[in-house]
Number of protein chains: 2
Amino acid sequence: MTVHQHGRYSTPVDDLPSRAVPEAAVGRLAIYLRVLTSMIEQGVTTMSSEELAGAAGVNSATLRKDLSYVGSYGTRGVGYDTARLVEHIEQLLGLTRHHSVAVVGIGNLGHALANYGGFPDRGFPVTALFDVDEDLVGIPVGGLPVDHVNTIPEVCAERDVTIGVICTPARAAQTVCDLLVAGGVRCILNFAPVMLQVPSDVEVRRVDLAVELQILSFYQARRSSGRRAGTADPVAVIR
Amino acid sequence: MTVHQHGRYSTPVDDLPSRAVPEAAVGRLAIYLRVLTSMIEQGVTTMSSEELAGAAGVNSATLRKDLSYVGSYGTRGVGYDTARLVEHIEQLLGLTRHHSVAVVGIGNLGHALANYGGFPDRGFPVTALFDVDEDLVGIPVGGLPVDHVNTIPEVCAERDVTIGVICTPARAAQTVCDLLVAGGVRCILNFAPVMLQVPSDVEVRRVDLAVELQILSFYQARRSSGRRAGTADPVAVIR
DNA sequence: GCAACTTTGTTCCTGCGTTCACAAGCGGCT
DNA sequence: AGCCGCTTGTGAACGCAGGAACAAAGTTGC
Ligand SMILES: NC(=O)c1ccc[n+]([C@@H]2O[C@H](COP(=O)([O-])OP(=O)(O)OC[C@H]3O[C@@H](n4cnc5c(N)ncnc54)[C@H](O)[C@@H]3O)[C@@H](O)[C@H]2O)c1
Ligand SMILES: NC(=O)c1ccc[n+]([C@@H]2O[C@H](COP(=O)([O-])OP(=O)(O)OC[C@H]3O[C@@H](n4cnc5c(N)ncnc54)[C@H](O)[C@@H]3O)[C@@H](O)[C@H]2O)c1
């Protein structure tokens, strides 16, 4: 494989291709990973880019380019060795180590996440739960007792939490976020419908279900108004 | 049947008054909407693009371009009338009517969604719950009794469900999806980690928490190996 | 009523990500 | 061994979204 130098200012021993990987590609790689592990369970040892792309719902050229970010480990005329590919994708995504997860706000959503077995199975053990509600503190959820939010910084540092998941009401999210950052957490998954302010070395991803529903609503509206021209409203004038 | 997931907005030929709205813009419009309603509650009647963009965490030029899709209702030298803007965004997103939601799979996640008050508040009333578990059928969750999955087509048609939310285990997702489609549901929000096969007129959005965690893991891995974490940038970048 | 200031709406441009297309490489077959 | 067909890896084209810059438009102050 020829290592192609993308304008990297970074220096010598760079074991990871890093910056060159588009975020969209990272998301897709996670999907390929799931498809691959599923296929491996079924005994599949080799897959072509066409097959894998089909299963993942993407263009095969896109897939091959994505895989080129992890380094070319395919065999021409044959395809990819599923086991080996999984190994390398896991390495690129940093899944060779476990990432300890803390869930803050053990309400409806927090409970669901704490009880969910799919995260530990994928290398994301939930090792801390927090809530401000005194009645919840001490009570085990999914086998793990809830701690008080005030202890977030110490507990997170202590248990080496790398990912914090915020499931509190929106008004509490920023406070909780600050506590997590104080505890050394650099990756945050935020379910509260607010924009969090964080230092630049902290990565925040937001999952906003209301926005998802509204996007679906948009498509629905589009479709309906296209089909039955009944809505007499003049809507958006072209200008 | 086409594999038709995520990202992709409507049709080749634009038969609607408004120009083609990029999906990313639709998502941001939903966010502006939330910011605006929140500001209106605080008595704000006017906002400039700069203010609104700041609150939403985007570039002001991007915001203005997004708003141009809804049809330019700002006043130069002043800004946007918050109430009017909300009205027009809601119209574009199809939020002037209610979208009845059905949740399928009343387990951990299904319970959380069924109990969540934020959806009805935003015009997405949950009007049907389904599960295959006989022990759950008939039991009210969040005030609504659970129906059996076999009744999905009839009940969805009857209650005019427009959005189906799938919270079943992955292996059941495709079956459930087919039932929803049979019931006339054209918009699906899928939490199960599988790619659904749907007719081309059905829009699927997938929320994959494992992928989100893995993306965070990737950034974490990159940071650690980069070792240059200490960029002394102290404050708050909105993301 | 006029001028200066503010902010919108839009155009242009740049950069990124996806897709196309093809040469290079590898295994299988004769 | 050598050819043939299949699949990868990637350079190049394309399309699109985001950002900068600016002219038009409207408001405020005098
Ligand atoms: N439940 C859902 O299906 C759903 C869907 C979309 C978005 N959300 C968002 O997720 C968040 C949680 O939703 P939910 O339904 O679980 O709410 P919830 O009210 O059931 O739970 C919130 C929990 O956070 C705790 N909490 C409150 N203030 C806190 C603080 N300062 N520190 C720590 N914990 C605190 C509360 O004690 C409670 O246990 C909300 O922001 C909501 O908008 C939830
Ligand atoms: N719970 C989470 O936090 C979480 C996080 C990420 C992803 N998910 C995904 O969401 C889905 C649901 O997760 P969960 O934790 O709620 O699981 P769960 O096992 O708690 O609940 C699944 C529910 O679906 C029902 N079900 C099973 N087969 C069905 C069928 N054919 N038709 C209708 N209902 C059926 C079950 O009876 C059960 O009530 C899974 O696909 C999971 O991977 C969950």
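The analysis underlying the following values was restricted to heavy atoms, covering all of them including side chains, and did not include hydrogens, waters or symmetry mates. Everything numeric here is computed off the predicted structure, so don't read it as measured data. In the text below, chain A, chain B and the rest are named by the order of the sequence lines, each starting its count at 1.
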Checklist entry - On DNA chain D, nearest-nucleotide positions of A:A61 versus A:V78: which is more 5'? => result A:V78
Checklist entry - In whole Å, what is the span from the OH atom of A:Y32 to the P atom of D:dT8? => result 13 Å
Checklist outcome for this item: Between A:R28 and A:T75, whichever has its closest DNA chain C nucleotide further toward 5' is A:R28
Item to check | Rounded distance (Å) that lies between atom C1' of D:dG18 and atom CG of B:D66 | outcome: 10 Å
Checklist entry - Picking from C:dT10, D:dT7, D:dT10, which would you name as closest to the side chain of B:S68? => result C:dT10
Next on the checklist: Check the phosphate of C:dT10 against B:Y69, side-chain N and O only, distance under 4.0 Å to OP1 or OP2. Yes or no?
Outcome noted: no
Checklist entry - Would one find a side-chain N or O of B:S49 under 4.0 angstrom from OP1 or OP2 of C:dT8? => result yes
Checklist entry - Can you check the B:L67 CG to D:dG19 P distance for me, whole Å? => result 15 Å
Checklist entry - Tell me: CD of A:E23 to P of C:dT18, nearest whole Å? => result 11 Å
Checklist entry - Can you check the A:L29 CG to C:dG17 P distance for me, whole Å? => result 13 Å
Checklist entry - So does B:T62 get a side-chain nitrogen or oxygen closer than 4.0 Å to the phosphate oxygens (OP1/OP2) of D:dG19? => result yes
Checklist entry - For the side chain of B:N59, counting heavy atoms from C-beta on, which of C:dT19, D:dA21, D:dG19 is nearest? => result D:dG19
Checklist entry - In terms of the nearest nucleotide of DNA chain C, which residue is placed more toward the 5' end: A:G77 or A:A25? => result A:A25
Next on the checklist: Tell me every residue that passes side-chain contact (heavy atoms from CB on, under 4.5 Å) with A:P125, counting only those two or more places apart in sequence or in another chain.
Outcome noted: A:H98, A:T127
Item to check | Candidates C:dA21, C:dT19, D:dG19 - which lies nearest the side chain of A:R64 | outcome: C:dA21
Next on the checklist: Is it the case that the base of C:dG17 and the side chain of A:K65 share a donor-acceptor contact (distance under 3.5 Å, atom types as modelled)?
Outcome noted: no
Checklist entry - Going by atom types alone, do B:E23 and A:Y219 pair a side-chain donor with an acceptor below 3.5 Å? => result yes
Item to check | Nearest-neighbour nucleotide for the B:Y80 side chain, C:dT8, C:dT10, D:dT8 considered | outcome: C:dT8
Next on the checklist: Using whole Å, what does the distance between atom C1' of nucleotide D:dG9 and atom CG of A:L85 come to?
Outcome noted: 14 Å
Item to check | A:Y73 versus A:D81, side-chain donor and acceptor atoms under 3.5 Å | outcome: no
Next on the checklist: Quick check for you: among D:dG18, D:dG26, D:dA12, whose closest atom lies nearest to any side-chain atom of B:R76?
Outcome noted: D:dG26
Next on the checklist: What is the separation between atom CD on A:E51 and atom P on D:dC6, rounded to the nearest whole Å?
Outcome noted: 14 Å
Next on the checklist: Strictly distance-based, threshold 3.5 Å: is any side-chain N or O of B:N190 a donor or acceptor partner for the main-chain N or O of B:V194?
Outcome noted: yes
Checklist entry - With a 4.5 Å limit on heavy-atom distance, are the side chains of A:L209 and B:F119 in contact? => result yes
Next on the checklist: What is the distance, to the nearest angstrom, from the CD atom on A:E50 to the P atom on C:dC20?
Outcome noted: 11 Å
